[in-house]
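To keep things clear, I will list the structure first and then write my remarks on it.
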Amino acid sequence: MDDKQISTPVSLHEIKIKDQFWQKLMELIRTKVIPYQWEALNDRIEGAEPSHCIKNFKIAAGLEKGIFEGHVFQDSDFAKWIEAVGYSLMWHEDQLLEKIADEAIDIVCAAQQADGYLDTYYILNGLDKRWTNLRDNHELYCLGHMIEGAISYYQATGKDKLLKAMIRYVDYVDTVLGPEEGKKHGYPGHEEIELALVKLYEITHDEKYLKLAKYFIDERGKDPLYFKEEGKRYGNKFPWEDSFFQYKYYQADRPLRSQQEAEGHAVRATYLYSGMTDIARLTKDEELYAVCRRIWDNMTQRQMYITGSIGASAYGESFTYDYDLPNDTVYGETCASIGAVFFARRMLDISPEAQYADVIEKELFNGILSGMSMDGKKFFYVNPLEVVPEASEKDQLRRHVQVERQKWFGCACCPPNIARLFAALGSYIYSGKGNILLMHLYIGGELTHKFDNEEVTFTIKTNYPWDEDVNIMVSLAGSKNFTYALRIPGWCKTYEIKINEETVNAQIINGYVYLQREWKSGDAIHLHFAMPVEVMQANPRVREDIGKVAVMRGPLVYCLEEADNGPDLHRIYLSDTPMFHVQYEPELLDGVVTITSNGKMLDESSWGENLYQSYRSPVWQVKKLKWIPYYAWSNRIPGEMTVWIKS
């Protein structure tokens with residue numbers, strides 16, 4: 001691990017996003033999604049599954065009477081919501097939203113116990129039962145999300161009521177769990193607190209929090225296995241007793257340093273790998289960093305869909321095995337793609353390699369954006385690459401594959417996760433190290449950043465991902481020598497870089513072009529990334545995609561939808577000599593670039609009622625195909641959809 005390469009994300013306070021694509025989405029998050037989700041947390045969405053979240057806090061605080069309802073991790077829905085609120089307030093003041101958040105925090109903090117404990121499930125079901133099922137009951141998971149929410153809100157507003165409450169809670173946890181004699185030698189079943197403790201350490205500089213995070217990493221999977229001992233001691237039923245998973249589900253079947261591949265529940269896994277990467281960076285742990293790289297390579301090169309989705313199986317919402325990527329039974333949980341972004345961001349901080357930012361971009365445009373409807377009021381838990389409505393209705397193996405996004409979920413981890421990620425979008429664009437500034441994502445707006453206390457403003461104008469050009473204007477008083485590093489996207493085969501209209505041939509290191517010079521106010525950078533339509537194929541080891549192709553343009557994966565192409569998409573083939581036409585349609589799906597191409601469709605008229613017949617040469621119908629961005633599917637009428645078609 002090279003200390004000289006380690007960088008840190010640029011503060012959100014330095015960034016203003018002014019981008020035709022993303023600003024519209026962020027305004028949707030701020031004005032529609034966050035208020036809508038507040039209504040959902042209060043069970044005020046007609047026709048949606050109840051959340052019970054705020055009601056549980058009110059009951060735990062003695063403000064209402066009742067019993068705990070919902071999942072054991074219901075508290076985390078508020079935590080992710082308040083985190084999204086914090087990020088939103090960093091780039092747009094909103095007194096009404098802040099007032100609602102303050103009142104919500106008052107309710108939550110009123111439920112905190114005298115010793116600092118704050119988990120409504122155990123407050124309402126018996127404090128004597130707490131810490132008896134770390135494996136399955138999510139106490140530390142909820143705490144982790146609460147820490148992140150408290151930090152976000154504090155950084156946005158300077159208000160520390162929730163943050164102080166979480167510090168009290170963590171200080172209490174530190175007396176219960178750890179390697180010392182007299183403490184429980186446990187760790188979370190659902191990882192999340194590891195990365196949250198690192199964030200807490202980085203704002204408080206209290207080594208206790210880093211030490212606790214490191215303990216959770218180092219202790220996990222050691223023999224004797226804590227989860228097994230805990231189950232025996234408290235009589236906890238083991239849900240994976242008859243499964244192949246066993247403790248792989250929790251990434252705890254062996255010590256983390258001996259793990260070879262991404263395994264088990266995909267969301268838990270990516271949160272864990274994010275925490276591992278943080279610990280490796282902060283403690284300069286080369287061995288742990290090597291594990292992170294090994295798992296990253298396995299996850300992205302052998303277990304990731306072209307859309308960025310991970311977690312192929314609905315059983316356990318899990319990774320399965322290398323190259324197992326079914327399109328129609330895929331799980332591909334939205335939260336897992338978000339977790340992959342967290343992991344990628346932390347790997348990028350250690351080493352500025354374009355492969356990490358490429359995955360962030362892939363997830364943002366495809367695997368995550370598909371998880372929310374364009375009005376911000378409906379959500380996908382599962383993100384399939386092939387859908388047949390009748391199969392989703394009648395085939396038990398595909399019942400988890402929804403044809404339409406849902407208003408809310410009883411297990412509602414994905415909607416507030418989407419909100420907090422996109423509200424914090426600015427934190428993924430840049431990172432810095434000394435006099436080097438790296439630009440990872442091409443998002444329009446302004447950045448005001450200091451090099452040796454000298455302020456430089458960068459103004460970025462682009463219509464990415466629809467257009468191929470990015471323009472960056474540099475403004476500063478006088479001149480300054482620094483390096484501006486720009487990612488060359490992995491999908492881009494042909495590009496051009498100009499400074500002040502002169503072509504630049506600068507050195508490229510790990511996918512970044514490093515522009516080092518004495519910069520003057522008015523210097524202009526022009527980037528041109530050629531975006532031809534690309535016909536993609538999968539590794540032959542991916543059984544489900546043999547003989548099939550997918551279509552991409554720039555960072556976007558495209559799909560065919562029944563609304564444009566009619567039913568029976570499984571009979572469609574791409575033409576042997578495909579010709580593509582690209583067109584921006586401002587009135588379609590809130591404005592998208594569509595692709596039309598020539599194709600063909602297998603004719604079925606000669607079959608009659610025969611189920612089987614002797615082979616004969618196929619009869620084809622000429623078929624014009626219309627492709628839309630994958631993220632935009634299911635925003636019109638329900639119907640079939642597919643990413644991969646035969647060729």
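Just so you know, these numbers use all the heavy atoms, side chains as well, and skip hydrogens, waters and symmetry mates. Everything quoted here is computed from the prediction, not taken from an experiment.
Of the charged side-chain nitrogens involved, none lies within less than 4.0 Å of a carboxylate oxygen, so that Glu393 and Arg398 do not count as a salt-bridged pair. For Arg30 and Glu27, the salt-bridge test passes: some basic side-chain N is under 4.0 Å from an acidic carboxylate O. With respect to the salt-bridge test (charged N to carboxylate O, under 4.0 angstrom), the residues Arg345 and Asp349 qualify. A salt bridge is defined here as a Lys NZ or Arg NE, NH1 or NH2 lying under 4.0 Å from an Asp or Glu carboxylate O, and Asp545 with Lys548 fails to meet this definition. Ion pair Asp576/Lys600 flagged as a salt bridge, since at least one NZ, NE, NH1 or NH2 atom sits closer than 4.0 Å to an Asp/Glu carboxylate oxygen. A salt bridge links Glu585 with Lys626: at least one charged nitrogen is closer than 4.0 Å to a carboxylate oxygen. Using a 4.0 Å cut-off between charged side-chain N and carboxylate O, Glu534 and Arg553 make no salt bridge.
Counted by atom type alone, Thr334 and Asn383 present one or more donor-acceptor pairs between their side chains at under 3.5 Å. Side chain to side chain, Trp296 and Gln355 meet the donor-acceptor criterion of an N or O pair below 3.5 Å. At a cut-off of 3.5 Å, with distance as the only test, a side-chain donor of Asp603 or Gln621 sits close to an acceptor on the other residue. With hydrogens and angles left out, the side-chain atoms of Thr307 and Asn366 include no donor and acceptor closer than 3.5 Å. Side-chain contact, Gln583 with Thr594: no donor N or O sits under 3.5 Å from an acceptor N or O. Under the 3.5 Å distance criterion, with hydrogens and angles disregarded, no donor-acceptor pair is assigned to the side chains of His190 and Arg268.
Within the model, atoms CH2 of Trp491 and CG of Leu556 stand 9.5 Å from one another, a figure rounded to the nearest 0.5 Å. Atoms OH and CZ, on Tyr321 and Arg302 in that order, are 14.0 Å from each other to the nearest 0.5 Å. Atom SG of residue Cys492 and atom CG of residue Leu527 lie 10.0 Å apart, to the nearest 0.5 angstrom.
Between Leu560 and Trp627, the shortest heavy-atom contact is CD2-CD2, 3.4 Å. Of all the heavy atoms in His440 and Arg487, the pair that sits closest is O-NE, 2.6 Å. The nearest pair of heavy atoms linking Lys32 to Asp375 is CB-O, 4.3 Å. When all heavy atoms are compared, the tightest approach of Ala563 to Ile637 is CB-CG1, 4.2 Å.
Taking 4.5 Å as the limit, every side-chain heavy atom of Trp91 sits out of range of all side-chain heavy atoms of Lys16. Within the 4.5 Å cutoff, side-chain heavy atoms of Leu425 are placed close to those of Leu364. Ile295 is not listed as a side-chain neighbour of Asp297, based on a closest heavy-atom distance of 4.5 Å or more. Taking 4.5 Å as the limit, some side-chain heavy atom of Glu363 sits within range of a side-chain heavy atom of Val359. Under the 4.5 Å side-chain criterion, counting only non-hydrogen atoms from C-beta, Asn327 is not in contact with Val643. Using a 4.5 Å heavy-atom cutoff, the side chains of Met536 and Val557 are not in contact. For the pair Ile418 and Phe380, the minimum side-chain heavy-atom distance is 4.5 Å or more. Between Tyr630 and Ser370, some side-chain heavy-atom pair lies under the 4.5 Å cut-off.
Ring-centre distance between Trp466 and Phe21: below the 6.0 Å cut-off. Aromatic rings of Tyr271 and Phe343 (six-membered ring for Trp) have centroids beyond the 6.0 Å cut-off, not under it. Taking the six-membered ring where the residue is Trp, the centroids of Trp22 and Phe365 are separated by under 6.0 Å. If you look at Tyr514 and Tyr484, their ring centroids are not closer than 6.0 Å. Here Tyr612 and Trp607 keep their ring centres 6.0 angstrom or further from each other.
Applying the side chain to side chain contact (heavy atoms under 4.5 Å, CB included) test to Asn539 and every residue at least two apart in sequence or in another chain returns Tyr323, Arg541, Val542. Residues passing the side-chain hydrogen bond (donor to acceptor under 3.5 Å, both in side chains) test with Asp590: none are found, sequence neighbours excluded. For Tyr331, the side-chain hydrogen bond (donor to acceptor under 3.5 Å, both in side chains) partners two or more places apart in sequence, or in a different chain, are Glu317.
Taking the six-membered ring for Trp and thresholds of 30 and 60 degrees, Tyr249 and His265 have ring planes more than 60 degrees apart, a perpendicular arrangement.
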Ile17 and Ile429: CA distance, side-chain angles, deciding distance, side chain to side chain contact (heavy atoms under 4.5 Å, CB included) verdict: CA-CA 10 Å; Ile17 291 179; Ile429 304 175; 4.1 Å; yes
